[in-house]
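See structure below.
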Number of protein chains: 2
Amino acid sequence: MARSMHVRRPATLASLAAELGVSRTTVSNAYNRPDQLSPELRRRVLETARRLGYPGPDPVARSLRTRKAGAVGLLLTENLSYAFRDPAAIGFLEGLALACEDAGQGLLLVPANPEREDVAAVHRAGVDGFVVYSVPDDDPHLAAVLERPVPTVVCDQPDIDNVDRVGIDDQAAMHSLAQHLITLGHRRVGVVCMRLARDRNDGFVTPDRQASAHFHVQRARLAGLAQAFGSVGVDWGSIPVVERFDHTTASGASAAAQVLDRDPQITALVCTSDILALGALGEAQRRGLRVPQDLTVTGFDGIREAEQSGLTTVRQPVLEKGRAAGKLLLDSAERSRPRSVTLATELIHGTTAAPPRGTAEERWFGP
Amino acid sequence: MARSMHVRRPATLASLAAELGVSRTTVSNAYNRPDQLSPELRRRVLETARRLGYPGPDPVARSLRTRKAGAVGLLLTENLSYAFRDPAAIGFLEGLALACEDAGQGLLLVPANPEREDVAAVHRAGVDGFVVYSVPDDDPHLAAVLERPVPTVVCDQPDIDNVDRVGIDDQAAMHSLAQHLITLGHRRVGVVCMRLARDRNDGFVTPDRQASAHFHVQRARLAGLAQAFGSVGVDWGSIPVVERFDHTTASGASAAAQVLDRDPQITALVCTSDILALGALGEAQRRGLRVPQDLTVTGFDGIREAEQSGLTTVRQPVLEKGRAAGKLLLDSAERSRPRSVTLATELIHGTTAAPPRGTAEERWFGP
DNA sequence: ATGAAAGCGCTAACAA
DNA sequence: TTGTTAGCGCTTTCAT
C-alpha cells in the first residue's frame, strides 16, 4: 500500500480553487454540499484535489468556522490510564462511547493528572461539551470545565448550578445494604473506603473527615452507613473507618488488615467498592477467617468479578450511567435545564454476608 | 457551587482587549506568556476577563493558529464501545493512554463504525496524529487516515509505505505454539479464528480465504499454523478452520462446536485468541470432553482471564504495544522514518495442552 | 450553479 | 513592555 508524500500541508482549499480557476465556495461545496454543484465540476475538483495531494478541508479550520468540534470531552479524576484499570470506570466509558458513537461524535479523553494542577489540558480541549466523571468537588479541573462555555454533564457529583447530572442515590443504596446487615444482627462493624479527598490519607478516618469528604460518592455512602447504624444505637464515632488513596485490591487487603487489627471483634466489614471488598476477602482468607461464617464482607458497584466471587454488594448500572451522561450531553434539546437523572440500584444478596457467629439470627438463617 | 450564566460565547480576546484599551497581543500574552507582561497588567487583564465572563482563548482558534490540536486520534476496527469489552484492546488503550498522559496529549476515540462506510469522522478529527489499531488492510477509514497530512502509527498491520508500525511477529509466535503441539504429538487439529475480512462469514474457511485475509494478524497466525503443520506432513487443506465475526466467548463456543461436529477425532483445538479459546473450553466441558486429557485447547494473547483458566497460549505485551505506539507517534524526532517496533511474545505453558490420548507421548508426559 | 465578501478567534513576527 | 500587521483555512450569507 502506497502513501503520498507530504511533510507540510501541501495545498489548501484556496490554492485548489486557484488552480482550478473557481471560487473557494465551489471547492467547499464539492466536499460539503455535493448537490450544490454540477457532478462534472465536482468530479474535476475532487480529481484535482487528489492530484495536488489536497487532503480535504482542514478539520480545525472547519471547527472554528462552524463552531462545532464533533467531539465530547471526558474528564476523569484519575490518571487517564486508570480509566482502563477499574471495571466500573470501563463500564462507564463503554456506555459513554456507545452514546457518542450513536451521535457520530468523538470521545476525547482529557489528560487531567490530579497530581499536577495543570488545567491547561481542559483549556486546550476542542470539544462541544464535557462529561465529568467522579472528581472531587474541589478539583481545579472541574472548575476549569465549568468555566468553558459548553454544556457539561457531571456524574456521581452533587448538584451544580445549571449543570446536568447523572448518578445514583449512593446514600440510600448504602443505607439499604446497612439495613440488611443490621437485620442479620451486625452491630460491631468496620469500614474500608476509597479516597475521600485529594490529599493522600491512608489510615483511619475521623468523623469530621467523613462528613466533609470531597468525593460526593464516598461521602454519601458513608453517610448512609452512619445513618443506618446510628438509628439502631451504634455509636458511629467508635466504628473503625479506614481510607485508601489507591483503588486496588491490594489497598483493600491492607485496609481490611488495618481494621481487623484495630478491632478483631467486628462481625462485618463494609467496603465502599467491590475492588476494595475483593481485597478484603483475600485478607480474610489469609487470616483464616471464613466468610461469611466468621466475617461478613460487602462491596459496592456490582462489577463482574464481584459477582463471580458471590460478593454481597450493591449493583449500579455503570454502563447505563455512561450512556445516560452521553445522551444528556448530546441531546441538545435545551429543555428544562438543568436535568438530573438518578438511576436505580439493586441490592445483591451474595454469599459473603450472614448473621454474626453465635447469634439467635444465625440459628434462624442457618450456620 | 455556582456557575456563571452564558449561553453564547460572551466575549472574545478582541473584545476583552478593546474593553481594556490594550492590544490583542497583550491579552494573548496574559494567558500564554505571563513573563511578557507586567504582573500588574496581567492581573488587570485576568480580572476583567472574569468580570466579562471571558473563558480564556478559544481552543479551536488557537489550534488553527498554532497548528497543534494537543490530541492523538485512535482508530479502531470495531464499534467504539467494543474497545472497552475486549481485554486485549483495553490493555492496548491503557498503554496508549499512558503515553498520551506523559506527553500531556488528549486521546480522541474516533467513531469509525465498520458497518457504515462513513469516513467523515476521520476527516473531522482535530488531532496531531493517528494510531490505527488492528483494522483490515482494505478499511476505508484507514485509507482516510493515511490521506491526512499527519503522522500515523499502525498496530498489528503489515508495513505501509512511510508509516510507523508496532506489532509482534504473529506468524512466528503461532508457529512456535504449533511446534509445541506437534511435539506433543498432535496432527489432527481444528482451528477457530476471528474475523478474516469485513464481510461476515461465520463458518468454515477455505484455504484461499485464509491466505487472503484482510486482517493481518489473523492471516499471519493462520500462516504460522499452516507452515508448522505443513512441514510435518499435515495436509492443511483438510484441517477444519472455522471463522467467527463477533469476538466473544459465545462465538468461541459455537465455533468449537462446529469444528468438533465436523471432525470429532481432532485432538487439539487451536484458537487465534484467548476469548475464543475460553469459549471453546466451555464447549468442551459441555460435551463432557476433559481438557487436556480428551482435547487440547490453546489461545492467543495472554489476557488475565486466560491465565486464570490455565490456558496454554501466547502472551503478547498489549500494554507495551499501546505505549510504544503512543511514544512512536509523539516522539516527533523525525528520525529514520518509517520506524518499526516488533515486541517479543512468550509461549505460556498452561494446563490445557497435553499429548493426545493413547500416544507414546502420553506415556512419556503422563496421562 | 457559481462567486465575492466577510469573518470565525486567535497567535506570532516584527516594530515601536 | 506593548502594539501593528498578517494571516491560520475554512464556511456562509448574499449576490449574480
Handout entry: Side-chain N,O (B/S23) to OP1/OP2 (D/dG3) below 4.0 Å
Key = yes
Completion exercise
Applying side-chain contact (heavy atoms from CB on, under 4.5 Å) to B/T48 and not counting sequence neighbours gives B/L16, B/E19, B/L20, B/R51, B/L52
Problem - Residue pairs passing the side chain to side chain donor-acceptor pair (under 3.5 Å) test where at least one lies in residues 121-135 of chain A, sequence neighbours excluded - result: none
Problem - Evaluation steps, salt bridge (charged side-chain N to carboxylate O under 4.0 Å, His left out), between A/E40 and A/R44 - result: CA-CA 6 Å; A/E40 163 56 17; A/R44 252 184 68 217; 5.5 Å; no
Problem - Whole-Å gap separating P (C/dG9) and NZ (A/K68) - result: 13 Å
Problem - For atom CZ of A/R42 and atom P of C/dA1, their distance in whole Å - result: 14 Å
Fill in the blank from the handout: Those residues at least two apart in sequence (or on a different chain) that pass side-chain hydrogen bond (donor to acceptor under 3.5 Å, both in side chains) with B/Y31 are none
Fill in the blank from the handout: With five pairs defining each end axis, the helix from C/dA1-D/dT16 to C/dA16-D/dT1 comes out bent, to 10°, by 30°
Handout entry: Set of residues satisfying side-chain contact (heavy atoms from CB on, under 4.5 Å) with respect to B/L37, sequence neighbours excluded
Key = B/T26, B/N29, B/A30, B/L41, B/R42
Problem - side-chain contact (heavy atoms from CB on, under 4.5 Å) involving A/L64 - partner list, sequence neighbours excluded - result: A/R67, B/V60, B/A61, B/L64
Problem - Base versus backbone protein contacts along nucleotides 11-16 of chain D [heavy-atom cut-off under 4.0 Å; B, S, -] - result: BB----
Exercise for the section: Identify whether any heavy atom of A/V22 sits under 4.0 Å from a base atom; if not, whether one sits that close to sugar-phosphate; answer base, sugar-phosphate or nothing. Expected result: sugar-phosphate
Problem - Basic-acidic side-chain contact under 4.0 Å: B/R198, B/D139 - result: no
Fill in the blank from the handout: From CG of A/L16 across to C1' of D/dC10 the rounded distance in Å is 13 Å
Practice task
Return the nearest nucleotide to the side chain of A/R67; candidates are C/dC8, D/dC10, C/dC10.
Solution key: C/dC8
Handout entry: Distance in angstrom units between A/D35 CG and C/dT2 C1', rounded
Key = 14 Å
Fill in the blank from the handout: For A/S38, the side-chain hydrogen bond (donor to acceptor under 3.5 Å, both in side chains) test, sequence neighbours excluded, returns none
Fill in the blank from the handout: Atom CG of B/L20 and atom P of D/dG3 are separated, to the nearest Å, by 10 Å
Problem - Short side-chain N/O contact from B/Y31 to OP1 or OP2 of C/dG9, under 4.0 Å - result: no
Exercise for the section: Write down the distance between CZ (A/R44) and P (C/dA1), rounded to a whole number of angstrom. Expected result: 16 Å
Handout entry: Earlier contact from the 5' end, DNA chain D, for B/S38 and B/L64
Key = B/S38
Exercise for the section: Mind checking side-chain contact (heavy atoms from CB on, under 4.5 Å) for B/A125 and listing every partner two or more places apart, or none if nothing turns up? Expected result: B/L108, B/V110, B/V127, B/F130, B/R148
